[in-house]
Asker: 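This is the structure I want to talk about, given as structure tokens.
All values derive from a computational prediction rather than experimental measurement.
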Amino acid sequence: MADLKKLRVHTLASLSEEDGNERISSRNSRHLDQPCITEALVTAATLTHEQKIGDPPKALIKLGGLALIDHVLLGLAEAGFTRVVVLVGINSSQTRQVLDHGRKELYPSLLVEVLDLGADNSHSHASSILQARSLFDKPFLICPSDHMYESKLYERMADSELVDVESAVLVETDLSGMVGLPRNTVHVAFRPLDTDYSIHDIGCDLDAYNAIAAGLVAATPAIFDRLQRQEHRPYYTIADALSGWAGKKLVYVETKGATWFSVETDQSLGYSRDSLTKVGQQYKLDDGKNVHLLGHPKRIKTSPSTGGDWAEFSVKKWRSAVFTTKSFFNQLYEDTTEFLTKYIEQLGGSDSVCLIEVGCGTGEALIPLYDRAKYCIGVEINEDFVEFCEQQTSERYSDKVGFVCGDAEELSALLQGSAYKEFLKGTKKVVTCVGNTIGIIPEPKKSAIYKAMMDLAGPDGVVVTVYWNGNEFGAAVQHFYATNPQLCGAFEGSHIDIINCTLETPSGYATKWTKPEEARRILQGFNADVLEVSAQGRGVLTAFRRKQDA
């Protein structure tokens, strides 16, 4: 954990006096289960092109109740980064105060260092990066302080191995409806059918391009040499440095629909403030302050809980538990979205598919799929969860997304009697139950819900269920349940059946993890036409339907 008594501050003068080799050798080496990149450089020393002398730094602008730089460091901490160097210059004392508070209250596990370029700093964004040369000797992530991202984007960039390449650039390919792009927006050109993700050209004035750079750049220390080569120019950008690698040592990473905001212009700032309130999640800090954040911050302190009756789980308690354990299932969330997307697209996608999720909880599994299907319906027995989902659904999706409170045993009748019955007419159905929800439903209700999902999907639709993988049950007991009593309550060894992969705790929580071969037997027991059983990490993902003659 970082030393919370004093923020470590470098200056340009002190860098020449520090023993770089000693400082670097003291860092922990990477373990196999860690991301490829665990260090980041956050640039907060310069004004943007749209700012005037005397304007406050973008890093200190409040969005959702927190300074923008707090959002950045929260996201990095959640994504597994362990060390961050923040470049400061103008208003450096204010920025350092924000960082001091953030390390104590928001991201205490993050080692935060400051490189102060001085109040009279005249470096451009690109040349300010060059000043941090002696602080990095391995791949690192360059993060602008006037952007914010879902933590999954930091995670994707952290997974950039940079083997045989020198840099990876986050790009946005969905350019329709982009708001407030600055005049120096960086364009990126690549060949979509290429399998090596190579960037063929990058710059601010391309005649033809597929995407724009979204701000994050993963790079080896060789980036400093590329920047140094630009020093003869009166002004240069990081894109100028990267362009020398285009076509051979520069690759792209797509956002794939994940949320990110920029506050580079007044127009984009206004849009970001409005959008964060709509798509961000609200949390209460220990001091009672309410803030809006992107993603699922694991390290935000919530009200203490010692478990309790599962039937009384509130939205707040459930989301706190999910957020705290997100890293354990993060890859499964991604795999689930991709698996569902595959079958939605096979049946016609946004032209003809109605996606129905049984046990939707607070709606996280449906959100990435709103644009993939024609309609989406979440079914949930907990009224508080349904109300929460309805409040979180933006007007953009009000005519294609709905939530229904009721018992899924009578799924078809429930939906036909709802306000969303028109969604069912003329559409093919993908009915899903994910996140091991089916694993905590007791019999005989469980069997009834399996049959109800198959009946609703019919022989021309698909049912997708996602189980937690029984082959991972031992690790889950140790690293998931035992460390999170707020989810299931305290338990002892007698409550665990390691052979059958079940856990039943005194609080009333019960779960069943399922091995791939067991999942197949379950589906065959319902005389289902089994399309796929796929074991992927901590999940077992299945696709099936009612047989034609059933």
Side-chain angles (χ1 to χ4, degrees), residues 279 281-282 296 308-323 325-326 329 332-333 336-337 340 344 353-370 372-373 375-394 397-424 429-457 463-468 486-488 508-512:
V279 306
Q281 308 302 336
Q282 182 169 304
H296 305 162
D309 190 342
W310 175 252
E312 296 177 358
F313 250 48
S314 65
V315 170
K316 179 179 179 181
K317 188 174 179 181
W318 167 249
R319 288 173 70 79
S320 175
V322 171
F323 297 157
T325 58
K326 177 175 179 282
F329 290 106
L332 181 56
Y333 296 154
T336 298
T337 298
L340 278 164
I344 291 170
V353 170
C354 180
L355 172 64
I356 302 102
E357 183 186 5
V358 171
C360 66
T362 49
E364 279 87 358
L366 279 177
I367 291 172
L369 299 164
Y370 283 175
R372 300 289 187 179
Y375 301 113
C376 294
I377 304 174
V379 177
E380 173 57 54
I381 200 168
N382 187 315
E383 291 184 9
D384 291 340
F385 284 20
V386 170
E387 182 180 355
F388 176 86
C389 290
E390 290 173 340
Q391 292 172 348
Q392 295 298 307
T393 304
S394 68
Y397 296 107
S398 59
D399 61 347
K400 64 173 295 181
V401 175
F403 296 90
V404 178
C405 185
D407 193 335
E409 286 187 71
E410 302 294 335
L411 188 57
S412 293
L414 176 67
L415 296 182
Q416 288 293 349
S418 75
Y420 308 104
K421 62 182 180 181
E422 295 299 317
F423 289 6
L424 305 179
K429 316 300 184 297
V430 174
V431 187
T432 187
C433 187
V434 304
N436 204 46
T437 300
I438 202 73
I440 62 173
I441 299 174
E443 292 287 8
K445 180 181 285 291
K446 182 185 297 187
S447 292
I449 291 176
Y450 270 115
K451 294 175 182 176
M453 291 193 297
M454 291 172 61
D455 287 344
L456 179 60
V463 180
V464 170
T465 53
V466 178
Y467 310 88
W468 289 344
Q486 74 271 32
L487 175 63
C488 59
Y509 178 89
T511 189
K512 162 73 175 145

Asker: Heavy atoms only: give me the nearest G363-C389 pair and the separation to one decimal.
Answerer: N-SG, 3.7 Å
Asker: Applying side-chain contact (heavy atoms from CB on, under 4.5 Å), can you list everything that pairs with T511, at least two apart in sequence or on another chain?
Answerer: N436, I440, W468, Y481, L503, Y509, W513
Asker: Please give me the minimum heavy-atom distance between T362 and F385, naming the atom from each residue.
Answerer: N-CD2, 4.3 Å
Asker: If you look at every heavy atom in L366 and E357, which pair is closest and at what distance?
Answerer: CG-OE1, 3.3 Å
Asker: Show me the donor-acceptor pairs within less than 3.5 Å that the side chains of residues 446-455 make with the rest of the protein, sequence neighbours left out.
Answerer:
from, atom 1, to, atom 2, distance (Å)
S447, OG, E443, OE1, 2.9
S447, OG, E443, OE2, 3.1
Y450, OH, Y467, OH, 2.7

Asker: List the residues meeting salt bridge (charged side-chain N to carboxylate O under 4.0 Å, His left out) with K400, not counting sequence neighbours, and say none if there are none.
Answerer: none
Asker: Any chance you could measure L355, atom CG, to R372, atom CZ, to the nearest 0.5 Å?
Answerer: 12.0 Å
Asker: Mind checking what makes salt bridge (charged side-chain N to carboxylate O under 4.0 Å, His left out) contact with K445, not counting sequence neighbours?
Answerer: D407, E409
Asker: Can you tell me which residue among Y397, Y420, Y370 is in a side chain to side chain contact (heavy atoms under 4.5 Å, CB included) with C376?
Answerer: Y370
Asker: Of all heavy-atom pairs between P368 and T337, which one has the smallest distance, and what is that distance?
Answerer: CB-CG2, 4.0 Å
Asker: Going by side-chain contact (heavy atoms from CB on, under 4.5 Å), name the residues that satisfy it together with T336, two or more places apart in sequence or in a different chain.
Answerer: L332, L340, V434, V466, L541
Asker: Any idea which heavy atoms bring C354 and F423 closest together, and the distance?
Answerer: CB-O, 3.8 Å
Asker: Looking only at heavy atoms, what is the nearest atom pair of G359 and T437, with distance?
Answerer: O-OG1, 3.9 Å
Asker: Does CD in Q416 sit with more than 12 non-hydrogen atoms of other residues, nucleotides or ligands closer than 6.0 Å?
Answerer: yes
Asker: Just to verify, what does L414 make a side-chain contact (heavy atoms from CB on, under 4.5 Å) with, not counting sequence neighbours?
Answerer: V379, V404
Asker: Any side-chain heavy atom of L456 sitting closer than 4.5 Å to one from L415?
Answerer: yes
